[in-house]
Amino acid sequence: MMKKELGLFLLILVVGCVVAVLNPRFLSPINLGNTANLIGLFGLFSLGEGIVIITGGIELSIGSIFALLGVIFIDLLVTYALPWWQAVIITVLGGTVLGAIHGYLVTKLKLQPFIVTLCGLLIYRGVARYYTNDGTAGFEFGQRLPTLEWITTGRTAGVPHSFIVFLIVAALMAVVLHRSVFGRYLFAVGKNEEAARYSGIRTNWVIAAAYILCGALAGLSSIYLAMYTRSISPASHGNFYELYGIAAAVLGGCSLRGGEGSILGIVLGTILLQVLQNLVNLLGIPSSLNFAVMGTVILIGVLADQQLTRLRNRKRAR
Amino acid sequence: MTDDPSGLRPPPHVNGEGKKEAPLLELLAVSKTYPGVKALDRVSLAVGPGEVLALIGENGAGKSTLMKILGGVVEPSEGTIRIDGAEHASLTVAAAMKAGIAFVHQELNLFDNLDVAANVMIGREPVRGPARLIDHRALDDKVTPLLRRLDVDFEAHTPVADLSLAQCQLVEIVKALSLDARVVIMDEPTSALTASETARLLKVIAELKAGGVSVIFISHRLNEVEQCADRVVVLRDGAVVGALQRGEIRHDAMIRMMIGRDLKSLYISPLRPPGEPVLEAAGMRTPVHPDEAIDLALHRGEILGMAGLVGAGRTELARVLFGVDRALAGEVRLDGQRVAIREPRDAIDLGIFLVPEDRKRTGLVLDESVNENISLPNLKAFARAMLVRRGDERRNALEQKAALDIRTASVDTLVGTLSGGNQQKVVLAKWLSMKPRVVIFDEPTRGIDVGSKAEIYKLMRGLADGGVAVLMISSDMEEVIGVSDRIAVMREGRIAGFLTRNEFSEENVMRLAVGRRDMQAAEAVAS
């Protein structure tokens, strides 16, 4: 179990060293700070995606949730001039409610997670675009929210707060997933839902809770992303971001069949993805190749992992 | 005749006094060892052309392993297989087919969406033209004569979805014939058939025999064996323990050989007579048999055996009592108090536990460790502030491992790698670390080696002696008769009757399980 994470960590180190040698700017404080910020932004929701994947499900609507909750969040601050903390609570609650709806549809109405969240992806994007009349939602010129800005985009000793919040959430989630009763239930449900039910686990609640947690984290991410971009054009804001989450989880050792994965793995997966993005920028690779590089690395990583597992099993069989 | 002290008999001679035919198929001292289990121990048998050989033995006696070896699915560890005098160390699936060995499986392998002819000729369809389209006329021409030969009541074009289970079995036999099978192996072919369907199947077997086809017939139903077998070979614990020739094939002789010394010794009488009812179900209706209401009482300190044919509704009853399915109607009382069981958690909180039939799918999380499986239903007891205290959890797992003698290198081993018997003990360990009041065992010893079986029986008795009410669902007649204090027999979703200890007999159980009418029909056919 820890072998996977160690391998991923070594891979990050190797990629990091190569990039640092080829372009020393990789290690400059500015670059590291920016990369850390992106890791924090993308890591927050990747954690939620990972939890859902561990139950054997999938969450495809995260990017659209960013667009919908993002425009609502900005509208609450700009049009309704709510205090920032109220807007934050409403936005996180909004994500939680959406997650609860997904959980209800998946567990009670027995719909397939892929279909439920694919519909979510389409619906939320459409509603977000309608809400702003396909226009861009942004803060008013010169509008300042010092506390909120400090929490979301601020830095302490050069370390972006998004990154710090990500690490805190990851640490909490690690305790929940790997130490708590609920975490044990999550894995049991992901590995064998029937057997979990026969062992007295309320499997519907456990699965629904995973979607709710994922929704809440998506809500929190919406705020961080909105504060980072400061303006949201709902047609493109957060497009494909759910795929970053899935990629990070899979790179980090989550199996799409469920029942496997770790928080450390997801964290490392997120870091690797962002380092790769950074690599594309720093090595002067055309940024149009961005996705291609990411896809190739994920493919190689999953292939290598599978071959190693097969090798290990063969050795054990002997 | 060599008198082998190990109990190995020389291959029984097929040739009757008058006939001088060589055996078609012979097994010579074939053994099969799985890690930790000897499934077959130097088994020798032979079947001649046109002979019906019945293979009998209790569950786990090694019949299915033997059949897998004949089918080329499993390789024997030792021994020789001789077909038409040619020796083989093992068979492949292709070689078995080529030698004319065909199977009619217990679970049917037919395609519901195709018709009879297409199923019979699947993979071997006659084709014509450059596009290699299926030649439907040639297909019918090949299949129809075979259907006529067996005198079946369906056509080549009948969709398989419209056929009854018995008819499907006939389709499998037709398929075997179309492959020019010389030996047809039937694994429990009558287990799901009604009496009249069984009678027809027996006629088909006679038909095959007349045509020179050999049949190896595996069955628990001794009446049928008596009717159709030329010779009976009895397996017990992986070894041949005896053979009966035509004139000697009688019910009592077969039972004596099958069960040997064990039948009486299985039963350990309870320490004290059963007490007041613990669990009472009144007017229970299960979703599968909504028209039948079940009344049942389980008493403190008793083992109530529950017998019945496959599909009689026993597992469905267990699922309702444990809260996996909701009852459509009726009420459940625990110690006289009415209780609502909506999901397994409710049952578990009340102390009603289920050891399910399919331990791989519902009993255990195979990809988790022994430790994690044992604590799963009771995890909160090992947690403080919702965080699992792994020391406590582990201590309990180690205690259970010692108490139940679970043979595993460590409690961190994945459950999926353990043997069937040890897996079942892990399922038991889950419940024994809590406080049981009622434990329902559904086929508790299916696929388990003899040694573990005895331990599980002892555990059950231990539970009952501790004041727990035990419900044991089992299709293993020997087990039901040998372990229970009382037997309930289910038939078609209702309880057909109860038997007390002095009424226990295989016949009485069967009579209730199949119903009086079917029994009479079977007897009428027999005479």
Side-chain angles (χ1 to χ4, degrees), chain A residues 1-4 53-56 107-108 110 171-209 213 253-263 309 312-318, chain B residues 35 318-319 322-325 341-369 371-390 393 412 414-417 423 426-427 430-431 434 440 442:
Chain A
M1 172 104 172
M2 285 307 286
K3 266 188 194 143
K4 227 171 222 177
I53 288 177
I54 285 171
T55 66
T107 57
K108 283 283 172 194
K110 302 281 168 220
L172 286 175
M173 295 287 286
V175 172
V176 168
L177 196 61
H178 302 300
R179 289 285 179 276
S180 81
V181 172
F182 173 70
R184 222 28 119 56
Y185 287 178
L186 266 179
F187 280 109
V189 166
K191 282 186 171 128
N192 185 342
E193 191 179 337
E194 274 291 281
R197 196 155 106 80
Y198 274 74
S199 293
I201 296 173
R202 296 190 161 108
T203 50
N204 280 352
W205 282 109
V206 173
I207 292 172
L213 206 55
C254 295
S255 159
L256 289 181
R257 250 163 292 144
E260 272 173 63
S262 74
I263 293 297
T309 312
R312 224 175 292 144
N313 287 346
R314 211 175 295 159
K315 227 180 252 169
R316 201 188 302 152
R318 248 179 233 150
Chain B
R319 285 167 63 96
F322 188 60
V324 177
D325 295 329
I341 300 171
R342 289 190 198 83
E343 52 184 353
R345 185 78 251 166
D346 297 336
I348 291 168
D349 290 342
L350 291 165
I352 302 171
F353 303 151
L354 172 69
V355 176
E357 185 181 15
D358 185 348
R359 65 180 161 268
K360 288 178 195 298
R361 214 171 58 77
T362 53
L364 295 167
V365 183
L366 293 178
D367 288 337
E368 287 195 337
S369 68
N371 180 24
E372 286 168 317
N373 269 283
I374 291 177
S375 62
L376 197 54
N378 200 19
L379 205 50
K380 283 182 187 158
F382 304 112
R384 182 175 288 172
M386 288 313 275
L387 298 184
V388 181
R389 302 207 299 182
R390 294 197 284 186
E393 184 194 15
D412 298 320
L414 293 187
V415 166
T417 62
Q423 286 185 359
V426 175
V427 179
K430 280 165 60 167
W431 302 129
M434 298 161 77
I440 304 167
D442 196 353

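Numbered from 1 within each chain, the chains take letters A, B, ... in sequence-line order.
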Review point. Within the distance-only criterion (no hydrogens, no angle test), does the side chain of A/R197 pair as donor or acceptor with the backbone N or O of B/V324 below 3.5 angstrom?
Key: yes
**Study point:** B/E393 with A/R184: basic N within carboxylate O range, under 4.0 Å
**Key:** yes
Point to revise | Neighbour count above 12 (heavy atom, 6.0 Å) for A/K108 NZ | key: no
Point to revise | Side-chain H-bond candidate by donor/acceptor type, A/Y198 with B/R319, under 3.5 Å | key: yes
Check your understanding: Can you name the closest pair of heavy atoms from B/I348 and A/S199 and give their distance?
Key -> CD1-C, 3.5 Å
Review point. Does any N or O in the side chain of A/N192 come within less than 3.5 Å of the main-chain N or O of B/T362, such that one atom is a donor and the other an acceptor?
Key: no
Review point. For chain A, which residues from residues 371-380 of chain B lie under 4.5 Å away (heavy-atom distances)?
Key: B/E372, B/S375, B/L376, B/P377, B/L379, B/K380
Exercise for review: Could you list the residues that satisfy ring-ring contact (aromatic ring centres under 6.0 Å, His included) with B/F353, not counting sequence neighbours?
Suggested key: B/W431
Practice item. With a 4.5 Å cut-off on heavy-atom pairs, point out which of B/K360, B/E343, B/R359, B/K430 contacts chain A the most. Key: B/E343
Review point. Got a salt bridge between A/R202 and B/D346, using NZ or NE/NH1/NH2 to carboxylate O under 4.0 Å?
Key: yes
Check your understanding: Just wondering, are more than 12 heavy atoms of other shown residues or ligands nearer than 6.0 Å to CZ in B/R389?
Key -> yes
**Study point:** Separation between CG of B/D367 and CD of A/E260, rounded to the nearest 0.5 Å
**Key:** 7.5 Å
Check your understanding: Between B/A383 and A/V181, which heavy-atom pair has the shortest distance, and what is it?
Key -> CB-CG2, 3.5 Å
